[in-house]
Amino acid sequence: MRYDLVIFDNDGVLVDSEPISNRLLAAYLTELGHPTSYEDSIRDYMGSAMHRIHDLVLERTGKRLPDDFDDVFHTRVFAAFQRELKPVSGAADVLEKLTVDGTPYCVASSGSHERIRVGHRTTGLDRWFDEERIFSSQDVGRGKPAPDLFLHAADRMGVAPERCVVVEDSPLGVRAAVAAGMDVFGFTAMTPAAKLAEATQLFTHMEELADLLT
């Protein structure tokens, strides 16, 4: 193993949540008078912490989202998760291999702690993640593309940034990992490879990841 810590993004990497959440986000923003297509949401918000959605809408329209925006959105997302959410194909196998090999790993997500845990419980991935392995943008002042979250995760796990590799599927996450001084493997199952061009390496199927890590 050439890394001392594997840091996973969550949405789109471990749980197949991006199609669900971006569909609902686009619909909710449109409902509030900010016309947004699914493609717009993927382009502008995929990989973002909630504060970035608020910031971009305010910057573009001069209007603030409602105070209860986050709560309403998450209620809709969690209900859809219960109906539709699946683990990313091959994710459990990668986690099993890392566990058997004794390789430290964790998750560092732009999503809230509640969102991470709901997704993991729904998909059965919670068996792989105790509390000490879960990090959220809620834990730091700035979300991706700032490096803060990944640096926080590495520090809490006791590993130097240069000994970490991040597994990401969003341009914001790749930029954050690069800024943190970490290698990053870009997962292109949903994101065009050109948008993850800053990544150390690219891969399309989760089954490929184990070979990249060795």
Exercise. Hey, which of Glu84, Glu39, Glu18 is the one that makes salt bridge (charged side-chain N to carboxylate O under 4.0 Å, His left out) with Arg23?
Worked result: Glu84
Problem set entry | Side-chain heavy-atom pair Ile7, Phe150 within 4.5 angstrom cut-off | yes
Exercise. If you take all heavy atoms of Cys106 and Ala153, which pair is closest and at what distance?
Worked result: SG-CB, 4.2 Å
Problem set entry | Pairwise distance CG(Leu24) to OG1(Thr75) - rounded to 0.5 angstrom | 11.5 Å
For this session: For salt bridge (charged side-chain N to carboxylate O under 4.0 Å, His left out), just list the numbers for Asp139 and Arg156, CA-CA rounded to whole Å, side-chain angles, deciding distance to a tenth of an Å, and then say yes or no.
Result: CA-CA 11 Å; Asp139 302 331; Arg156 290 290 300 274; over 6 Å; no
For this session: Give a yes or no on whether Arg43 atom CZ has more than 12 heavy-atom contacts from other residues, nucleotides or ligands under 6.0 Å away.
Result: yes
For this session: For Thr30 and Thr36, run side-chain hydrogen bond (donor to acceptor under 3.5 Å, both in side chains): C-alpha distance rounded to whole Å, both residues' side-chain angles, the deciding distance at 0.1 Å, then the answer.
Result: CA-CA 5 Å; Thr30 300; Thr36 306; 4.6 Å; no
Exercise. Side-chain donor-acceptor pair under 3.5 Å between Thr191 and Asp169, yes or no?
Worked result: no
Exercise. Just by distance, do the side chain of Asp155 and the backbone of His152 share a donor-acceptor pair under 3.5 Å?
Worked result: no
Exercise. In a check of side-chain contact (heavy atoms from CB on, under 4.5 Å) between Leu65 and each of Leu58, Val72, Leu29, Asp55, which one passes?
Worked result: Leu29
For this session: Please tell me if the side chains of Glu114 and His74 come closer than 4.5 Å, counting only heavy atoms from C-beta onward.
Result: no
Exercise. So, Asn10 versus Ser109: side-chain donor-acceptor pair below 3.5 Å or not?
Worked result: no
Problem set entry | NZ/NE/NH1/NH2 to OD/OE distance under 4.0 Å, Asp44 and Arg52 | no
For this session: With the side chain counted from C-beta on, respond yes when Val57 and Tyr45 share a heavy-atom pair under 4.5 Å apart, and no when they do not.
Result: yes
Problem set entry | Exercise: identify the closest heavy-atom pair between Leu202 and Ala193 | CD1-CB, 3.7 Å
For this session: Side-chain contact test, heavy atoms from C-beta onward, threshold under 4.5 Å: evaluate it for Met50 versus Ile53 and give yes or no.
Result: yes
Exercise. Is the closest side-chain heavy-atom distance between Arg133 and Val107 below 4.5 Å?
Worked result: no
Exercise. Parallel under 30°, tilted from 30 to 60°, perpendicular over 60°: which one fits the rings of Tyr28 and Phe69?
Worked result: parallel
For this session: Please name the pair of heavy atoms, one in Pro161 and one in Ala180, separated by the smallest distance, quoted to 0.1 Å.
Result: CB-O, 3.4 Å
Exercise. Applying the 4.5 Å side-chain criterion to the ILVMFWY set and letting contacts propagate, would Phe81 and Met190 be lumped into a single cluster?
Worked result: no
Problem set entry | Residues, nucleotides or ligands: over 12 heavy atoms within 6.0 Å of Arg60 CZ | yes
For this session: On the 0 to 90° scale, with breaks at 30° and 60°, tag the Phe203-Phe187 ring pair as parallel, tilted or perpendicular.
Result: parallel
Exercise. Does the distance from a Lys or Arg side-chain N to an Asp or Glu carboxylate O, for Arg142 and Asp148, drop under 4.0 Å?
Worked result: yes
Exercise. Run the salt bridge (charged side-chain N to carboxylate O under 4.0 Å, His left out) check on Lys144 and Glu168 step by step: do they pass?
Worked result: CA-CA 11 Å; Lys144 305 168 189 178; Glu168 263 287 356; 2.6 Å; yes
Problem set entry | Residue pair Ala160 / Cys164: nearest heavy atoms and the distance that separates them | O-SG, 3.4 Å
Exercise. Is Lys97 salt-bridged to Asp101, going by a charged N under 4.0 Å from an acidic O?
Worked result: yes
For this session: Classify the side-chain pair Ser110/Ser48 by whether it contains a donor and acceptor separated by less than 3.5 Å.
Result: no
For this session: Measure the OG-CZ distance between Ser170 and Arg175 for me, rounded to the nearest 0.5 Å.
Result: 9.5 Å
Exercise. Met46, Val88: one ILVMFWY side-chain cluster at the under-4.5 Å cut-off?
Worked result: no
Exercise. Are Val6 and Val94 co-members of a hydrophobic cluster defined by side-chain heavy atoms under 4.5 Å apart?
Worked result: yes
Exercise. Hey, quick one: are Ile42 and Leu196 part of the same hydrophobic cluster, counting side-chain heavy atoms closer than 4.5 Å, chains of contacts allowed?
Worked result: no
For this session: Mark yes when over 12 heavy atoms from residues, nucleotides or ligands other than Asp68 sit less than 6.0 Å from its CG; otherwise mark no.
Result: yes
Problem set entry | CG on Leu85 to NE2 on His120, rounded to 0.5 Å | 9.5 Å
For this session: Please lay out, stage by stage, how Glu131 and Arg117 fare under the test salt bridge (charged side-chain N to carboxylate O under 4.0 Å, His left out).
Result: CA-CA 10 Å; Glu131 293 296 314; Arg117 286 165 173 77; 2.3 Å; yes
For this session: Answer yes or no: is there a donor N or O on one side and an acceptor on the other, between the side chain of Thr122 and the main chain of Gln82, under 3.5 Å?
Result: no
Problem set entry | Centroid-centroid under 6.0 Å between Tyr105 and Phe129 rings | yes
Exercise. Can you check whether Pro104 reaches Val159 side chain to side chain, under 4.5 Å on heavy atoms?
Worked result: no
For this session: Could you grab the distance from atom CG of Asp183 to atom OH of Tyr3, nearest 0.5 Å is fine?
Result: 3.5 Å
For this session: Over all heavy atoms of both residues, which pair between Thr204 and Ala189 is shortest? Give the atoms and the distance, please.
Result: O-CB, 3.6 Å
For this session: Would you check if Leu14 and Pro87 make a side-chain contact, meaning some heavy-atom pair closer than 4.5 Å?
Result: no
Exercise. Backbone N or O of Phe185 within a donor-acceptor pair of the Thr200 side chain at under 3.5 Å?
Worked result: no
Exercise. Looking only at heavy atoms, which two atoms of Ala80 and Ile20 are closest? And how far apart?
Worked result: CB-CG2, 3.6 Å
For this session: To the nearest 0.5 Å, tell me how far Phe73 CZ sits from Asp71 CG.
Result: 12.0 Å
Exercise. Does a side-chain heavy-atom distance below 4.5 Å link Leu95 with Phe8?
Worked result: yes
For this session: Is it possible for you to say whether Met206 and Val165 belong to one hydrophobic cluster, with membership spreading through side-chain heavy-atom contacts below 4.5 Å?
Result: yes
Exercise. Looking at NZ of Lys86 and CG of Leu125, how far apart are the two atoms once the value is rounded to the nearest 0.5 Å?
Worked result: 12.0 Å
Problem set entry | Expected output: side-chain Arg163 to main-chain Arg2 donor-acceptor under 3.5 Å | yes
For this session: List the steps, then state whether side-chain hydrogen bond (donor to acceptor under 3.5 Å, both in side chains) holds for Arg115 with Ser136.
Result: CA-CA 9 Å; Arg115 176 177 172 134; Ser136 161; over 6 Å; no
